[in-house]
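A short worksheet on the structure shown next.
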Amino acid sequence: MKKKLFAGLLAALMLLPMLSACGSNNASEKGSEGKKQEATYVWKCALNSTEGDNCYDQAVLFAKKIQELTGGQVQVDLYGGASLGSTSEVLEGMSAGVADIICEALGVLAPFTELGNIDAMPYMYSGADHFMAVWSSDLGDEIKEAAGEASGFKLMGGAYRGPRVVTATKKMETIDDFKGFKLRVPNLEVYLKTWQWLNTSPTPLAMNEVYTALQQNTVEGQENPFADSLNYSFDEVCKYWIKTNHVYSCNLFMMDRTYFNSLPEEIQNAVIEAAEYAGQEIGAVQKQRDQEAEQKVLDEGCEVIEVDTKAFADYFDTFAETNFPNLADWVGRIKAMDPANS
């Protein structure tokens with residue numbers, strides 16, 4: 001039902017009339033009488049995914065909302081499926097106009113600032129309520145501002161993406177079961193160190209290579225949120241879905257900081273408001289999507305395995321201090337905001 005809702009939103013967005021502008025920057029034109037017309041912004045939004053994915057559907061909501069807030073002055077065109085380039089290519093080329101905005105996890109900024117690694121720190125959140133408490137707080141804003149300033153981007157919004165789980169070709173339930181396990185991971189330092197800490201054999205691979213790698217036993221599993229894993233049809237090649245719930249990642253909207261600061265104040269405010277709105281809306285939907293995805297996985301004959309997440313969390317207790325000492329204070333502050341401890 002929710003997928004139909006987002007499909008409808010996307011269809012409505014695509015039918016919106018094109019605004020009279022070209023390029024991605026502020027375009028001022030003069031009419032036939034020589035009068036200056038109102039400036040219009042047409043922005044390219046880069047997305048790795050397509051419809052049905054958290055980031056893509058979040059961008060649909062953002063595009064619709066900002067057009068409403070600005071009375072049509074801002075139009076956001078979505079470019080899914082990494083059609084504008086890989087995430088790193090887009091981020092590195094954003095100041096040159098490769099894209100104007102991107103929706104991605106905070107962790108993609110790790111090559112620009114160590115603070116980006118905070119996004120994938122294992123067992124930092126106890127659950128969805130803890131995650132939402134952090135990213136709707138002053139601490140969440142502080143993280144966005146610090147990471148954005150260090151990396152040269154403006155970070156906005158903050159969406160719940162659901163906990164990451166492991167999908168595998170063999171059954172695993174305990175910490176010891178993971179020893180030597182061949183796991184596909186994103187090519188980011190924090191993910192590699194997380195799974196090395198668990199004595200697995202982490203293998204960086206592009207997502208479009210993972211399905212075949214699982215078929216050929218090049219890897220024995222991968223880790224992503226439930227709904228995302230189902231979107232990639234991993235239920236066809238992974239019989240076991242292990243609820244490790246090791247990472248709660250935050251999806252954000254990112255713009256080149258210099259360009260954002262050059263925008264009129266009312267446009268800046270609209271961008272921030274639209275980003276916050278989209279993050280909150282998609283976060284509420286994501287919880288239902290995860291539940292529906294888990295049920296579908298069960299219906300397909302896969303086995304969903306509950307693990308002792310406290311045992312895993314205790315095992316990772318000194319991970320941040322050992323591997324990312326500069327982030328230990330941030331991790332401590334985030335853990336301290338767990339509503340269960342108040």
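Note that the structure is a prediction, hence the values are computed from the model and not measured.
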Checklist entry - side-chain contact (heavy atoms from CB on, under 4.5 Å) between E51 and V60: does it pass, once the steps are laid out? => result CA-CA 9 Å; E51 182 186 356; V60 171; over 6 Å; no

Checklist entry - Side chains of D338 and S126: is there a donor and an acceptor less than 3.5 Å apart? => result yes

Checklist outcome for this item: Taking every heavy atom of S249 against every heavy atom of A105, the minimum-distance pair comes out as OG-CB, 3.4 Å

Next on the checklist: Determine whether a donor-acceptor pair (N or O, by modelled atom type, separation under 3.5 Å) exists between the side chain of K144 and the backbone of G157.
Outcome noted: yes

Checklist entry - How long is the gap from CH2 on W241 to CD on E300, to the nearest 0.5 Å? => result 10.0 Å

Item to check | Intermediate values then yes/no, side-chain contact (heavy atoms from CB on, under 4.5 Å), K287 and E292 | outcome: CA-CA 9 Å; K287 292 182 182 180; E292 293 172 350; over 6 Å; no

Item to check | Distance, nearest 0.5 Å, that separates CE of M156 from CZ of F253 | outcome: 8.0 Å

Checklist entry - Ignoring hydrogens and geometry, is there a side-chain-to-backbone donor-acceptor pair from D314 to A311 under 3.5 Å? => result no

Next on the checklist: Taking atom CG as the centre, does D138 end up with more than 12 heavy-atom neighbours from other residues, nucleotides or ligands that are less than 6.0 angstrom away?
Outcome noted: no

Checklist entry - Between Q222 and S229, does a side-chain hydrogen bond (donor to acceptor under 3.5 Å, both in side chains) hold up when you go through it step by step? => result CA-CA 9 Å; Q222 66 86 42; S229 295; 3.0 Å; yes

Checklist entry - How long is the span from the CZ atom in F181 to the CG atom in L198, to the nearest 0.5 Å? => result 10.5 Å

Checklist outcome for this item: CG (D177) and OG1 (T200) are apart, to the nearest 0.5 Å, by 13.0 Å

Checklist entry - Is there a side-chain contact between F234 and V297, using heavy atoms and a 4.5 Å cut-off? => result no

Next on the checklist: Applying a strict under-4.5 Å side-chain criterion to I, L, V, M, F, W and Y, I'd like to know whether L69 and F62 cluster together.
Outcome noted: no

Item to check | Interatomic spacing from CD in E306 to CG in D308 - rounded to 0.5 Å | outcome: 11.0 Å

Item to check | Enclosure of K239 NZ (heavy-atom neighbours >12, cutoff 6.0 Å) | outcome: no

Next on the checklist: Grouping I, L, V, M, F, W and Y whenever their side-chain heavy atoms are under 4.5 Å apart, do M121 and Y315 come out in a common cluster?
Outcome noted: yes

Checklist entry - Got a donor-acceptor contact below 3.5 angstrom from the R164 side chain to the E223 backbone? => result yes

Checklist entry - Heavy-atom distance under 4.5 Å between the side chains of Y259 and M94, does that happen here? => result no

Next on the checklist: Let me check something: do F226 and Y160 share a hydrophobic cluster, defined by ILVMFWY side-chain heavy atoms less than 4.5 Å apart, either directly or through other members?
Outcome noted: no

Checklist entry - Taking it one step at a time, do N261 and T258 satisfy side-chain hydrogen bond (donor to acceptor under 3.5 Å, both in side chains)? => result CA-CA 5 Å; N261 289 336; T258 300; 6.0 Å; no

Checklist entry - Between the side chain of Y56 and the main-chain N/O of L78, is any donor-acceptor distance below 3.5 Å? => result no

Checklist entry - R257 and G148: which non-hydrogen atoms are nearest, and at how many Å? => result NH1-C, 3.6 Å

Checklist entry - If you look at every heavy atom in A150 and T113, which pair is closest and at what distance? => result CB-OG1, 3.6 Å

Checklist entry - Taking the side chain from D77 and the backbone from K44, do they hold a donor-acceptor pair closer than 3.5 Å? => result no

Checklist entry - With no hydrogens and no angle check, is any side-chain donor or acceptor of T70 less than 3.5 Å from a backbone partner on V74? => result yes

Checklist entry - Do V108 and V185 share a hydrophobic cluster, counting only Ile, Leu, Val, Met, Phe, Trp and Tyr and linking them when any side-chain heavy atoms are less than 4.5 Å apart? => result yes

Item to check | Within 6.0 Å of NZ in K170, more than 12 heavy atoms from elsewhere | outcome: yes

Item to check | Given F312, W195, F316, the one that forms ring-ring contact (aromatic ring centres under 6.0 Å, His included) with H246 | outcome: W195

Checklist entry - Is there a path of hydrophobic side-chain contacts, each under 4.5 Å between heavy atoms of I, L, V, M, F, W or Y residues, that connects V90 with I101? => result no

Checklist entry - Considering only heavy atoms from C-beta outward, does the side chain of N224 approach that of R184 to under 4.5 Å? => result yes

Checklist entry - Can you check whether W43 reaches V271 side chain to side chain, under 4.5 Å on heavy atoms? => result yes

Checklist entry - Are side-chain heavy atoms of L84 and L47 found at a separation under 4.5 Å? => result no

Item to check | Smallest separation among heavy atoms of C45 and V76, with atom names | outcome: CB-CG1, 3.7 Å

Checklist entry - Just checking, is any N or O donor in the side chain of N48 or T87 under 3.5 Å from an acceptor N or O on the other one? => result yes

Checklist entry - So do the side chains of H130 and V134 get within less than 4.5 Å of each other, counting heavy atoms only? => result yes

Item to check | Flag, side chain of K243 to backbone of T309, donor-acceptor distance under 3.5 Å | outcome: no

Checklist outcome for this item: Correct closest heavy-atom pair for A159 and I282 would be CB-CG2, 3.5 Å

Checklist entry - What's the spacing between K335 NZ and N341 CG if we round to 0.5 Å? => result 11.0 Å

Checklist entry - Looking only at heavy atoms, which two atoms of T244 and V307 are closest? And how far apart? => result CA-CG2, 4.0 Å

Next on the checklist: Using the rule given for ring pair (Phe, Tyr, Trp, His ring centres under 6.0 Å), can you reason through F112 versus F153, listing the C-alpha separation, both sets of side-chain angles and the distance that settles it, and then say yes or no?
Outcome noted: CA-CA 10 Å; F112 299 87; F153 297 97; 5.5 Å; yes

Item to check | Check against side-chain contact (heavy atoms from CB on, under 4.5 Å), I267 and Q73 | outcome: CA-CA 9 Å; I267 299 296; Q73 190 179 359; 3.7 Å; yes

Checklist entry - Would you say V285 and E281 make side-chain contact, with heavy atoms under 4.5 Å? => result no

Item to check | Test: D119 and R161 ion pair at under 4.0 Å | outcome: no

Next on the checklist: Would N245 and V165 count as a side-chain contact (heavy atoms from CB on, under 4.5 Å) here? Give the steps.
Outcome noted: CA-CA 5 Å; N245 296 354; V165 302; 3.6 Å; yes

Next on the checklist: When you measure from the side chain of T318 to the backbone of E321, do you find a donor-acceptor pair of N or O atoms at a distance under 3.5 Å?
Outcome noted: no

Checklist entry - If we only count heavy atoms from C-beta on, is the I118 to M124 side-chain gap below 4.5 Å? => result yes

Checklist entry - Can any side-chain N or O of N326 pair as donor or acceptor with the backbone N or O of L115 at less than 3.5 Å? => result no

Checklist entry - Hey, does the side chain of N117 reach the backbone of F324 with a donor-acceptor pair shorter than 3.5 angstrom? => result no

